[in-house]
Amino acid sequence: MSRYNSRASEAKWQRIWEERRTFEVRTDPSRPKYYVLEMFPYPSGRIHMGHVRNYTLGDVVARLKRAQGYNVLHPMGWDAFGLPAEGAAVRRGVHPRDWTWGNIAEMRAQIRSMGLSIDWRREFATCDPAYYRHEQAMFLDMVERGLVYRRESWVNWDPVDQTVLANEQVIDGRGWRSGAPVERRKLAQWFFKITAYADDLLAALDRLERWPEKVRLMQRNWLGRSEGARIAFELVGRPNRLEVFSTRPDTLFGASFMALAPDHPLTTELAASDPCLAAFVAECLRGGTSEAALETMEKRGFDTGLRCRNPLSPDRLLPVYVANFVLSEYGTGAIFGCPAHDQRDLDFARAYGLPVVPVVLPLGADPASFAIGAEAYLGDGTLFNSRFLDGLDVPAAKSRVIAELERLGCGRGEVTWRIRDWGVSRQRYWGCPIPMVHCAACGVVPVPKDQLPVLLPEDVDITGVGNPLERHPTWKHTPCPRCGRPARRETDTFDTFVESSWYFARFCDPTNPDAPFDRGAVAYWLPVDQYIGGIEHAVLHLLYSRFFTRAMRDCGYLDLDEPFDGLFTQGMITHRTYQDEQGGWLEPQQVVKDEAGGLRTRDGRPVRVGRVEKMSKSKLNTVDPSEIIEAYGADTARLFMLSDSPPDRDLEWTDAGVDGAWRYLNRLWRIVEERRERLPPVGSVAARAGLAGAELELARQTHRAIASVTDALERFHFNKAVALVRELTNAIEAYPGGDGALLREALEAAVRLIEPMTPHLAEELWERLGHTRLLADTPWLVADPALLAQDRIVLPVQVNGRRRSEITIAKGADSTTVEAAALADPAVRRALDGRSPRRVVVVPDKIVNVVV
RNA sequence: GCCCGCUUGGCGGAACCGGUAGACGCAAGGGACUUAAAAUCCCUGGCCCCAUGGGCGUGCGGGUUCGAAUCCCGCAGCGGGCACCA
């Protein structure tokens with residue numbers, strides 16, 4: 001008998017699907033739709049295992065939904081702008097455009113070899129002017145709607161990538177791509193007003209029920225809503241007042257100092273005439289953002305000599321410090337310190353000998369003796385030492401004090417957010433040009449829409465230093481669209497997260513030349529029903545897209561708040577790591593198993609077996625998907641990806657696991673091949689009634705598999721779905737023979753159910769079973785409820801909660817019958833040992849527990 | 001430091017609402033076929049014991065319940081997110 005030839009079979013079916021345009025879809029409002037999307041790839045060169053997992057997961061969903069009768073949109077494209085293309089230009093002298101399109105060609109071929117059910121006609125790359133011209137047009141609309149502004153601000157500067165980073169792109173004080181410590185610079189930047197939607201972005205999270213709670217929580221934390229009060233303190237001997245934000249206005253009577261950020265305007269003003277202060281400020285700003293500096297930095301302050309009046313007791317004067325722990329970007333850049341009820345303020349007060357006055361008394365504490373030691377008291381309690389607030393609890397005191405501040409005209413309730421506006425200016429070449437012109441006379445002028453797109457210049461000199469567009473000899477020179485006099489183009493390009501903030505909408509209508517997309521098309525397809533990708537975008541891409549969708553809505557492009565109805569975040573692919581004696585990393589292929597449990601390289605030197613870690617090039621523990629697909633076929637890779645771990649957990653790549661998947665494909669092939677000659681023809685109807693023995697058992701196994709696999713696939717329990725199909729396979733092998741129509745039904749069910757996971761093998765077997773219609777065009781199966789029902793069931797019997805026996809009894813039998821049968825069971829009688837039961841708990845069709 | 005999640009055989013993992021713990025697989029051991037190997041097939045398998053039976057078992061210690069991997073309280077370990085956020 002021939003063996004399964006995965007290479008021939010996969011090529012054959014991929015060709016047939018393409019020729020028959022099996023996976024091409026049209027907007028068709030008469031049919032129910034389902035939009036499955038995987039986070040589109042950056043064309044870095046070659047696909048990695050994370051891509052394979054991502055697209056396999058998406059393809060399972062797409063194929064299932066398609067078989068279930070949905071009109072399924074499942075597209076693929078390229079997140080094609082980005083810095084690595086410029087890196088390649090510097091290192092190899094290749095144009096970023098050529099490098100990018102070359103990578104796309106290579107990666108497209110790799111992805112196509114996976115046999116995904118994708119409508120490839122919809123493919124696009126974001127670096128194509130046909131795409132980014134619409135982005136420029138939408139940007140201009142957002143400018144008009146007041147959702148965009150330009151201002152000078154402190155920015156995160158990545159010294160390696162030579163560009164600005166958004167706050168979301170700084171991880172632990174380092175650039176998210178380069179890993180270099182981020183510096184602070186002051187630059188004029190374009191911003192999207194994401195903060196204008198902060199309230200809605202937060203509130204709507206509660207309605208995203210098909211998102212992982214973890215992602216919603218991370219976005220909630222990132223948005224960082226704080227309720228409190230803005231309070232104005234009178235400065236002694238100065239006309240202006242000092243404003244602070246506090247979430248604990250109730251502790252105002254416990255205030256003992258004020259503190260300003262080192263770059264607060266008042267600090268800057270005072271430092272101008274105070275060299276000592278100026279030196280202190282310089283030292284604070286130098287400390288900067290590196291991890292180590294932050295962790296070891298102690299609370300330090302500089303007394304400015306200024307004094308503030310506590311607005312609730314103007315006779316109390318508070319010293320004004322400049323302190324290194326106050327952030328200029330948060331709140332007002334100034335605080336009042338209440339050491340008794342804030343740990344950081346307490347540390348500061350102890351260091352500078354400031355009073356510590358408790359104003360919240362813990363429940364049951366004695367007001368005469370209660371004192372603050374080394375730890376501030378943060379809990380609830382009763383206000384004291386606070387005049388008109390005395391006796392109130394904390395929430396009541398907050399509202400009471402805010403009312404009083406408002407009456408005095410020196411404060412009001414306020415909500416502060418952690419999230420900042422999204423800075424999108426990047427000083428790079430390989431990005432979407434920002435369609436603006438700077439004119440000496442007219443200021444900043446938008447490029448008129450009829451002059452779009454603003455194309456990138458082709459002839460560019462990329463050296464890795466500075467902004468290539470800025471250095472280009474002619475590109476930036478352009479007449480002012482308003483007055484016609486010589487002016488200068490904006491030379492910054494967009495953050496590439498702008499492109500990925502709306503690509504899901506473009507897939508609905510990817511070739512539209514006049515608009516980003518047709519309203520009708522997005523009204524039909526959006527939101528994305530199932531989005532799948534990595535958790536690393538929990539607050540980057542996923543937050544930006546939610547913002548951008550709202551901004552597009554308010555500019556009239558679509559009628560939608562949330563782009564992604566369902567989100568699934570997959571785990572990482574991991575692999576064992578190996579190191580030689582010197583600590584250098586070794587590839588898995590360089591390591592041979594050693595009988596002593598250790599391992600050695602080909603040249604016989606000992607090897608340190610390291611931890612299982614995320615696949616990464618630096619640790620040499622990657623496996624190239626193309627090599628696996630070449631050797632075993634795409635179906636093997638797909639099956640392995642799905643069967644070993646639940647998709648949201650990390651998956652350890654092992655050769656043994658791949659072999660296991662490969663063996664199963666061949667086993668299923670053999671089982672079908674061995675039996676298909678003897679089967680009745682296609683369309684034979686399997687008997688439902690009058691079945692008994694092995695035939696009844698097989699029919700039940702088949703229908704139980706149909707029900708359980710469907711359920712498992714719908715809940716993303718793909719590892720279980722694989723296990724359940726394997727169970728059916730085992731049942732088919734155990735079937736001694738008999739009714740051939742039942743056997744055909746079982747074999748067809750196994751093939752049908754495995755198809756979303758291993759589509760090539762399934763099509764091949766489907767054809768060999770005699771079908772002429774594609775399996776991909778064949779509807780999903782529905783289990784016969786009559787075969788799911790059992791008339792007699794096995795019921796475990798416990799004595800005092802310990803399982804002692806089991807009885808077989810009619811399903812739905814009443815408690816009296818079950819109880820009698822249980823007590824009559826010999827094993828139960830033995831366990832009772834003559835004692836009479838005090839109580840018998842019968843849970844119908846579940847269990848019996850005899851209590852003595 | 002704060003917030004979240006996880007902890008089940010040698011390993012990956014099943015166990016839906018509290019109801020037979022360990023499905024399915026990997027690795028292992030034994031056997032069959034073969035001159036041999038590969039491939040394939042069959043058997044065994046949580047741990048322990050006076051073994052047709054019994055005891056103990058889901059990180060550890062308590063609790064609730066007829067019954068707990070599942071619920072509650074405390075602790076430990078691992079992973080992740082945020083972090084001078086006022």
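Chain letters run A, B, ... following the sequence lines, proteins first, then strands; residues in each count from 1.
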- May I ask you to say whether A:R667 pairs ionically with A:E733, meaning some side-chain N is under 4.0 Å from a carboxylate O? yes
- Query: With syn defined as a glycosidic torsion within 90 degrees of 0 and anti otherwise, which applies to B:G9?
  - Reply: syn
- Query: Counting side-chain heavy atoms from CB outward, which of B:G19, B:A86, B:A23 is closest to A:E727?
  - Reply: B:A23
- Starting at CZ of A:R576 and ending at C1' of B:G12, how long is that distance when rounded to a whole Å? 13 Å
- When the distance from NE2 of A:H575 to P of B:G12 is rounded to whole Å, what number comes out? 16 Å
- Message: Tell me whether the side-chain N/O atoms of A:S226 come closer than 4.0 Å to OP1 or OP2 in B:A86.
- Response: yes
- Can you tell me if A:Y664 and A:T758 form a side-chain donor-acceptor pair at under 3.5 Å? no
- Task: Classify every nucleotide of nucleotides 41-52 of chain B by which part a protein heavy atom approaches to under 4.0 Å, writing B for the base, S for the sugar-phosphate alone and - for neither, in 5'-to-3' order.
- Result: S-----------
- Message: OP1 or OP2 of B:G25 versus the side-chain N and O atoms of A:R663: is any pair under 4.0 Å?
- Response: no
- Note on the structure: Comparing A:R420 with A:N666, nearest RNA chain B nucleotide closer to 5' gives the residue A:N666
- Query: Do any side-chain nitrogens or oxygens of A:R418 fall under 4.0 Å of OP1 or OP2 in B:A83?
  - Reply: yes
- State whether A:R220 and A:E213 are salt-bridged, where the test is any N-O pair (Lys NZ or Arg NE/NH1/NH2 against Asp/Glu carboxylate O) under 4.0 Å. yes
- In terms of side-chain heavy atoms of A:L217, which of B:C3, B:A86, B:G55 is nearest? B:C3
- Task: Under 4.0 Å between any heavy atoms, over every strand shown, what does A:V851 touch: base, sugar-phosphate, or nothing? Just pick one.
- Result: sugar-phosphate
- Separation of A:E329 atom CD from B:C84 atom C1', in whole Å? 12 Å
- Message: Suppose we call two aromatic rings close when their centres sit under 6.0 Å apart. Are A:W662 and A:F640 close by that rule?
- Response: no
- Task: Go through the side-chain N and O atoms of A:D825 and A:S805 and say whether any donor and acceptor fall under 3.5 Å apart.
- Result: yes
- Message: Let me spell it out: for each of A:A723 and A:D345, pick the nucleotide of RNA chain B with the closest heavy atom. Which residue's pick is nearer the 5' end?
- Response: A:A723
- Query: Which letters describe nucleotides 69-74 of chain B, given B = protein heavy atom under 4.0 Å from base, S = only from sugar-phosphate, - = neither?
  - Reply: ------
- Looking at B:U20, B:A86, B:C66, which one has an atom nearest to any side-chain atom of A:Y330? B:A86
- Item | Length of the line joining A:R726:CZ and B:G25:C1', which is rounded to integer Å | 5 Å
- Query: Should A:K398 and A:E227 count as an ion pair when the cut-off is N to O under 4.0 Å?
  - Reply: no
- Taking everything shown except A:R829 itself, do over 12 heavy atoms lie less than 6.0 Å from its CZ? no
- NZ/NE/NH1/NH2 to OD/OE distance under 4.0 Å, A:K619 and A:E613: yes
- For RNA chain B, which ranges pair as stems of 3 or more consecutive Watson-Crick or G-U pairs, with both donor-acceptor distances under 3.5 Å? B:1-7 with B:76-82, B:10-12 with B:24-26, B:28-32 with B:40-44, B:46-49 with B:53-56, B:59-63 with B:71-75
- Taking only the side-chain nitrogens and oxygens of A:R344, find out if one of them lies under 4.0 Å from OP1 or OP2 of B:C85. yes
- Nucleotide B:G80, atom P - distance to CE of A:M572 in whole Å: 7 Å
- Span that lies between the P atom of B:C73 and that of B:C6, in whole angstrom: 14 Å
- Presence of donor-acceptor pair under 3.5 Å, side chain of A:N221 and base of B:C82: no
- Item | Out of B:A86, B:C66, B:G13, whichever nucleotide has its closest atom nearest the side chain of A:F245 | B:A86
- Query: Are A:R241 and A:E243 within salt-bridge range, i.e. N to O under 4.0 Å?
  - Reply: no
- Is there a side-chain polar atom (N or O) of A:R802 under 4.0 Å from OP1 or OP2 of B:C56? yes
